Amino acid sequence: MRKILLAGNWKMHGSKAMVDTLLNALLSASKPDDGVDLAVFPPFPYLQRTQNILRASVIAWGGQTLNPEPPGAHTGEVCAPMLLDFGCRYVLVGHSERRTLYGENDADVAWRFEAARKAGLEPVLCVGETLEQREAGATEEIVSRQISAVIDRCGIGAFDSATIAYEPVWAIGTGKTATPDQAQEIHAFIRDKLGRLDGIISRQIRILYGGSVNRSNAADLFARDDIDGGLVGGASLKAADFLAIRDAIL
Ligand code: PEP
């Protein structure tokens, strides 16, 4: 049985005051036997503060991206050992904003996934199609290609300690959500694709849905067989909104 994971991607939002308020509110509303795993993805400068607040809790945290190179001359970049140094369990790889705004292609994403796994971080591999691609009937082809790039580089075994987030690009930050049927269809497609290579991994891996998840749509989405939780942007920035999603699915 896969436990639901609710992960908050703060993107480039936050301040010291916001981190303190949000995390302390999550902390006081969490219990070890909640039935839902929580994780947050703050911007890099707030990782130390996050570690200080959450270190003795059941809430996990991670980086929003990483540079796959070992420590060295890469001004402005952050590598996997640094994320580990601040207690990160997870790291997002291939978020659509990284792909579209910062030019990360499938090969870059696979390299990041590999670097994360080798360092002992659990990558959360984000995949998803644009509206144009969906309307052209290419959703499965795109998602399949994005996942195959990682399998080709790292092998299916690398997914034994990883998460996939299906995030249709047209649903991210737009207020448009995939219907539970639309999301379930692609989640089942992803699980089936992995299952052709490794049945155990395909049954155990968590596949999250991301794209305008909120307190009103979460329960219907996460009730579907292959949807194991959510990667949440906007609604993860206020404790009340994020906890309302958790409470809607408990
Ligand atoms: C995201 O940033 O991954 C995301 C899904 O954002 P939002 O929930 O705001 O659509």
Side-chain angles (χ1 to χ4, degrees), residues 4-14 18-19 22 26 36-44 46-47 50 60-66 88-102 104 109 112-113 116 121-131 133-134 139 142-143 146-147 150 162-180 182-184 186-187 190 206-222 224 226-249:
I4 294 279
L5 171 61
L6 193 57
N9 173 18
W10 297 359
K11 312 193 188 198
M12 199 168 70
H13 295 288
M18 175 269 206
V19 174
L22 174 48
L26 297 186
V36 173
D37 287 334
L38 292 184
V40 292
F41 291 83
F44 293 140
Y46 302 118
L47 283 175
T50 299
W61 60 95
Q64 296 178 11
T65 183
L66 79 167
C88 290
R89 171 173 171 180
Y90 297 107
V91 63
L92 302 181
V93 295
H95 190 281
S96 73
E97 288 152 18
R98 301 293 317 170
R99 292 179 191 260
T100 54
L101 301 176
Y102 299 99
E104 289 181 16
V109 173
R112 283 163 168 72
F113 187 105
L121 290 161
E122 293 184 34
V124 178
L125 171 65
C126 303
V127 297
E129 82 288 1
T130 63
L131 187 58
Q133 290 164 337
R134 174 162 281 268
T139 299
I142 297 299
V143 167
Q146 291 169 333
I147 294 174
V150 177
T163 299
I164 293 177
Y166 168 58
E167 299 207 298
V169 178
W170 48 271
I172 297 179
T174 58
K176 290 185 195 142
T177 316
T179 64
Q182 283 174 322
Q184 165 60 26
I186 303 305
H187 282 234
I190 293 170
R206 290 195 281 207
I207 306 177
L208 312 183
Y209 167 78
S212 300
V213 172
N214 59 42
R215 64 177 80 196
S216 313
N217 56 31
D220 286 344
L221 283 161
F222 303 166
R224 304 307 295 265
D226 291 297
I227 305 181
D228 307 313
L231 182 56
V232 183
S236 72
L237 296 174
K238 288 200 178 118
D241 294 337
F242 199 49
L243 290 169
I245 295 174
R246 184 203 58 175
D247 293 345
I249 56 182

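Read the numbers this way: they start at 1 and go in the same order the structure lists the ligands and their atoms. Side chains are part of it too, since the values below use all heavy atoms of this structure and drop only hydrogens, waters and symmetry mates. Keep in mind that what you see is a predicted model, and the values were worked out from it rather than measured.
- A search for salt bridge (Lys or Arg N to Asp or Glu O under 4.0 Å) contacts involving D247 returns nothing, not counting sequence neighbours.
- Ordered by chain and residue number, the residues placing a heavy atom less than 4.0 Å from ligand 1 are N9, K11, H95, E167, A171, I172, G173, G210, G211, S212, L231, V232, G233, G234.
- Panel note: side chain Y209, backbone A178; a donor-acceptor pair is recorded below 3.5 Å.
- With sequence neighbours left out, the ring-ring contact (aromatic ring centres under 6.0 Å, His included) criterion links H187 to Y166.
- N217 places no side-chain N or O within donor-acceptor distance of the main-chain N or O of D220, the cut-off being under 3.5 Å.
- A side-chain contact (heavy atoms from CB on, under 4.5 Å) with R215 holds for exactly one of D241, L243, I249; it is D241.
- T65 meets the side-chain contact (heavy atoms from CB on, under 4.5 Å) test with F44, R98, E104, R112; sequence neighbours excluded.
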